[in-house]
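Lettering of chains follows the sequences in order, A, B, ..., and the numbering in each one begins at 1.
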Amino acid sequence: MCELPIKVVCRANAEYMSPSGKVPFIHVGNQVVSELGPIVQFVKAKGHSLSDGLDEVQKAEMKAYMELVNNMLLTAELYLQWCDEATVGEITHSRYGFPYPWPLNHILAYQKQWEVKRKMKAIGWGNKTLDQVLEDVDQCCQALSQRLGTQPYFFNKQPTELDALVFGHLFTILTTQLTNDELSEKVKNYSNLLAFCRRIEQNYFGENGKGRIPLRLA
Amino acid sequence: MAAPLELRCWGGGWGLPSVHSESLVVLAYAKFSGAPLKVSVIDNTWRGSRGDVPVLTSEDNTVSQPAKILNFLRKQKYNADYHLSAKQGADTLAYIALLEEKLLPAVLHTFWVENDNYFTVTKPWFASRIPFPLSLILPGRMSKRALNRILLTKGEPPLFHLKEVEAQIYRDAKECLNLLSDRLGTSQFFFGDTPTTLDAYVFGFLAPLYKVRFPKVQLQEHLKQLSNLCRFCDDILSCYFRLSFSGFSPAGQDTVDANLQKLTQLVNKESNLIEKMDDNLRQSPQLPPRKLPTLKLTKADEESNSFQPLSP
């Protein structure tokens with residue numbers, strides 16, 4: 001969205017290369033910056049920012065919605081991936097442990113699962129059932145849908161960091177195949193969110209777009 | 001007409017009906033929506049559990065956790081948000097998420113992890129309301145749970161050391177307070193003239209931070225500089241919690257404390273005169289609890305009404 005030239009590289013040890021242990025991270029010259037927040041700050045320091053045109057109240061709103069997405073959608077994604085037994089058994093373990101030889105793939109997968117479960121318990125999601133989690137996701141999507149309304153982007157004509165964040169999460173939810181499709185069904189209930197994802201995909205990732213990453217919205 | 005609703009929550013002090021954020025959120029929402037709640041404060045008898053506080057019981061339902069309690073109250077037709085538009089409802093969710101992610105870790109830290117605060121204020125207060133020998137165990141457990149939560153959600157690498165995590169969470173909290181102040185602006189409540197769920201949540205998180213006296217007060221100092229947030233807390237306290245005060249808190253001392261706070265806000269609190277008056281008042285004989293004659297939002301009026309008998 002900032003029209004910066006990037007090259008995407010996939011590596012198995014990406015998490016270990018990152019300074020904070022989290023992906024994604026960008027490598028620019030001799031600097032490495034990870035996670036969305038710091039990357040946005042870094043890009044801003046270099047003179048590119050998407051949210052300069054917003055006033056203070058709008059910036060507060062944008063930050064609040066970004067926290068909502070992080071709080072609800074991210075946690076729900078983690079829950080579904082690591083705390084739902086069906087998904088864990090069939091998909092997550094094999095996907096996470098894939099690049100490593102036996103027995104490392106099992107050990108690392110279990111370790112990660114234990115870490116995620118501990119975190120869920122600390123924030124009070126440990127006792128939630130899948131239905132309750134899906135209900136929370138629905139509430140979150142409803143809030144996002146109501147905020148978006150009929151506008152092309154969340155803050156009218158120009159995309160901002162919030163649009164990028166929401167697109168990232170919703171696109172992943174819609175395009176990742178899981179054992180049950182309830183999560184993506186919840187998102188599909190909101191037609192303006194679907195249209196939003198398609199619009200961003202076409203404008204920024206499509207054939208005639210400016211990006212080089214091929215993505216398909218099924 | 002609903003069956004009587006009973007709420008068990010932690011008690012009050014320092015001018016607040018409760019010093020526990022989550023209990024305060026529920027109490028505030030109940031006042032805003034007009035729900036008739038019978039509040040039973042946890043004391044040091046063995047009645048009831050202390051695990052999941054606040055907890056609401058109606059005839060055959062038990063609901064814990066503020067979000068679920070608020071949902072339950074809404075289903076019983078005690079809804080403070082019915083006049084909000086869909087977008088405002090969405091904004092409410094977003095700001096609550098902001099509070100929980102950015103402000104809550106720092107509030108937990110100020111109350112439960114910061115050693116000076118915990119050992120001089122929080123632990124004695126909670127221990128005095130829990131029967132022995134549970135009072136030796138429970139505060140420690142609550143403190144560990146708070147520390148755990150902070151470390152697990154915020155303490156990821158490269159922030160390995162607690163000091164760095166602390167710096168980060170206080171930075172986030174100050175930014176969050178600034179954002180709330182920007183959003184509130186000069187209006188009385190967050191969505192116009194009537195308080196809603198968001199007001200209850202903000203009040204619940206901010207009021208203990210604002211009122212409780214701590215030795216280590218960096219976040220409190222920052223909050224006190226944001227005068228519209230302080231005014232917001234004081235307004236809600238004086239409008240919604242004044243009348244039931246004498247039924248609630250142990251009496252005159254708290255009312256005196258609340259008045260003193262307002263005085264120090266009006267005059268410059270750095271002056272010696274304020275501290276001298278403070279000392280005099282603490283040593284003067286206990287005054288019987290007085291109901292303030294009228295509910296007024298202007299501090300000046302309440303000042304002149306209630307300050308006369310206390311002047312030396």
request  = To the nearest 0.5 Å, tell me how far B/K102 NZ sits from A/N71 CG.
outcome  = 11.0 Å

key: Which of A/M72, A/E115, A/K63 touches chain B most, by non-hydrogen pairs under 4.5 Å   = A/K63

ask   = Quick one: NZ on A/K59 to CG on B/D182, what's the gap to the nearest 0.5 Å?
value = 10.0 Å

ask   = Heavy atoms, side chains only, cut-off 4.5 Å: are A/E67 and B/Y95 in contact?
value = no

key: Heavy atoms of other groups near B/K87 NZ, more than 12 under 6.0 Å   = yes

query = So which part of B/E175 gets closer than 4.5 Å to some heavy atom of chain A, the side chain, the backbone, both or neither?
reply = side chain

query = Using a heavy-atom distance cut-off of less than 4.5 Å, which residues of residues 141-154 of chain A contact chain B?
reply = A/A143, A/Q146, A/R147

ask   = Among all residues two or more places apart in sequence or in another chain, which pass the ring pair (Phe, Tyr, Trp, His ring centres under 6.0 Å) test with A/W82?
value = A/Y96

query = For B/D193, does the CG atom have more than 12 heavy-atom neighbours from other residues, nucleotides or ligands under 6.0 Å away?
reply = no

query = Are any side-chain N or O atoms of A/Y65 and backbone N or O atoms of B/D91, one a donor and one an acceptor, separated by less than 3.5 Å?
reply = yes

query = Which atom pair, heavy atoms only, marks the closest approach of A/L68 to B/L93?
reply = CD1-O, 3.6 Å

message = Tell me whether A/K121 at atom NZ has more than 12 heavy atoms from other residues, nucleotides or ligands lying less than 6.0 Å away.
response = no

inquiry  = Does any part of the side chain of B/N148, heavy atoms only, come nearer than 4.5 Å to the side chain of A/R118, both counted from C-beta?
reply    = yes

